[in-house]
K.L.:
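The structure follows.
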Amino acid sequence: MLRRPTDPAPVIVRRFVQLFVGLFLYGMGIALIVRGELGVAPWDVLTQGIAKQTGLNFGLITVITSGIVLLLWIPIRQKPGFGTIMNALLVGPFADLGLWLIPSGLDLWARILLLGAGIVVLAIATGLYIGAHFGPGPRDGLMTGLHRVTGWRIWIVRTGIEVIVLAIGWALGGDVGIGTVAFAVLIGPLCGYAIPLFAIRRSSAMPAAPARVARHPRAASATS
């Protein structure tokens, strides 16, 4: 049997710091792409569409959507981690903070820079929070859970989810454009580089301590 590894204190501290820095940057990355006004990621298209139809702010809708996605984890028996809950609660407010800090209606050259910076920041943020090993975000967990239950390839599941989300968001008035295409093309390779780069190496699983064998010959024989 294997005993669950216990991380030393410096590793635990680094994991928590990396998780929260990653979630903060994730919200900032979303805000950068939104302020680029050239098209946003599929889930953010949905968020924008709902915002236009309801008048609710972007961050609140992000939190509500994350909660609904977590409810979809129940039938596929996907278990959330600490990082999953923090992702659901914090990314939306951090995105609102970024939208408050970054002005809208900038010149085209500035918006192109915001789009590029946002995609890079999102990839770094993904590597940071996933590399902290506190569990996937709500949307990533839905993807991996459906992959486990259906046996379909990851890219098929992810593409199917994002096409559905994108279509609904577009129908509701979300912003689809060249930025949406750029995100779809670039985020995979960038995350593929960032995730192993920021993955924290944790303690290896240790063999469980052997049970003490009774000294009595019959007891020892029974234990064997």
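Everything numeric here is computed off the predicted structure, so don't read it as measured data.
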K.L.:
Checking the side chain of H133 only, and the main-chain atoms of I200 only, is there a donor and an acceptor separated by less than 3.5 Å?
P.N.:
yes
K.L.:
Could you check if a side-chain atom of R14 sits within less than 4.5 angstrom of a side-chain atom of D7, using non-hydrogen atoms only?
P.N.:
no
K.L.:
Please tell me if the side chains of L56 and I50 come closer than 4.5 Å, counting only heavy atoms from C-beta onward.
P.N.:
no
K.L.:
Do I68 and P138 come close enough that some side-chain heavy atom pair is under 4.5 Å?
P.N.:
no
K.L.:
Does R158 have any salt bridge (charged side-chain N to carboxylate O under 4.0 Å, His left out) partners at least two apart in sequence or in another chain, and if so, which?
P.N.:
E162
K.L.:
Kindly indicate, with the supporting measurements, whether the criterion ring pair (Phe, Tyr, Trp, His ring centres under 6.0 Å) is fulfilled by F20 and F94.
P.N.:
CA-CA 11 Å; F20 288 108; F94 287 148; 8.4 Å; no
K.L.:
Looking at CG of L186 and CG of L122, how far apart are the two atoms once the value is rounded to the nearest 0.5 Å?
P.N.:
11.5 Å
K.L.:
Are any non-hydrogen side-chain atoms of T180 and D175 less than 4.5 angstrom apart?
P.N.:
no
K.L.:
Treat each ILVMFWY residue as a node, draw an edge where side-chain heavy atoms are under 4.5 Å apart, and state whether L197 and Y129 are in one component.
P.N.:
yes
K.L.:
Please check if the side chain of T159 supplies one atom and the backbone of I156 the other of a donor-acceptor pair under 3.5 Å.
P.N.:
no
K.L.:
Minimum heavy-atom separation for A123 to L190, with atom names?
P.N.:
CB-CB, 3.5 Å
K.L.:
Are side-chain heavy atoms of W43 and I161 found at a separation under 4.5 Å?
P.N.:
yes
K.L.:
Supply the atom-to-atom distance L46 CG to I61 CD1, rounded to the nearest 0.5 angstrom.
P.N.:
8.5 Å
K.L.:
What closest approach, in Å, do T62 and T47 show between heavy atoms, and which atom pair accounts for it?
P.N.:
OG1-CG2, 3.7 Å
K.L.:
To the nearest 0.5 Å, what is the distance between CG on L142 and NE2 on H147?
P.N.:
13.0 Å
K.L.:
Could you give the distance from OH (Y26) to CD1 (I124), rounded to the nearest 0.5 Å?
P.N.:
13.5 Å
K.L.:
Between G105 and E37, which heavy-atom pair has the shortest distance, and what is it?
P.N.:
N-OE2, 3.0 Å
K.L.:
Test of understanding: clusters of I, L, V, M, F, W, Y form through side-chain heavy atoms closer than 4.5 Å, transitively. Do V45 and V181 belong to the same one?
P.N.:
yes
K.L.:
Between the main-chain N or O of G169 and the side-chain N or O of Q48, is there a donor-acceptor pair closer than 3.5 Å?
P.N.:
no
K.L.:
Do F198 and V21 touch side chain to side chain, with heavy atoms closer than 4.5 Å?
P.N.:
no
K.L.:
Provide the closest heavy-atom pair for F58 versus I30 in the form atom of the first, atom of the second, distance.
P.N.:
CE2-CG2, 3.6 Å
K.L.:
Look up atom CG in L23 and atom CZ in F134, then write down how far apart they are to the nearest 0.5 Å.
P.N.:
10.5 Å
K.L.:
L89 and V63: which non-hydrogen atoms are nearest, and at how many Å?
P.N.:
O-CG2, 3.9 Å
K.L.:
Is it possible for you to say whether L113 and V121 belong to one hydrophobic cluster, with membership spreading through side-chain heavy-atom contacts below 4.5 Å?
P.N.:
no
K.L.:
Answer with yes or no whether the hydrophobic clustering places V163 together with M143; edges join I, L, V, M, F, W, Y residues whose side-chain heavy atoms lie under 4.5 Å apart.
P.N.:
no
K.L.:
Please give me the minimum heavy-atom distance between A31 and A95, naming the atom from each residue.
P.N.:
CB-O, 3.7 Å
K.L.:
Hey, could you give me the CD1/OG1 distance between I195 and T126, rounded to the nearest 0.5 Å?
P.N.:
6.5 Å
K.L.:
So do the side chains of L108 and L38 get within less than 4.5 Å of each other, counting heavy atoms only?
P.N.:
yes
K.L.:
Quick check against the 3.5 Å criterion: does S104 have a side-chain atom that pairs as donor or acceptor with the backbone of R35?
P.N.:
no
K.L.:
Which pairs count as side-chain hydrogen bond (donor to acceptor under 3.5 Å, both in side chains) when at least one residue sits in residues 72-100, sequence neighbours excluded?
P.N.:
Q78-T144, Q78-R148
K.L.:
Is there a chain of hydrophobic side chains (I, L, V, M, F, W, Y, each step under 4.5 Å between heavy atoms) that links L101 to V91?
P.N.:
yes
K.L.:
Checking side chain to side chain contact (heavy atoms under 4.5 Å, CB included) against I33, which of L115, D44, L114 comes through?
P.N.:
L115
K.L.:
Quick one: does N57's side chain have a donor or acceptor within less than 3.5 Å of a partner on L60's backbone?
P.N.:
yes
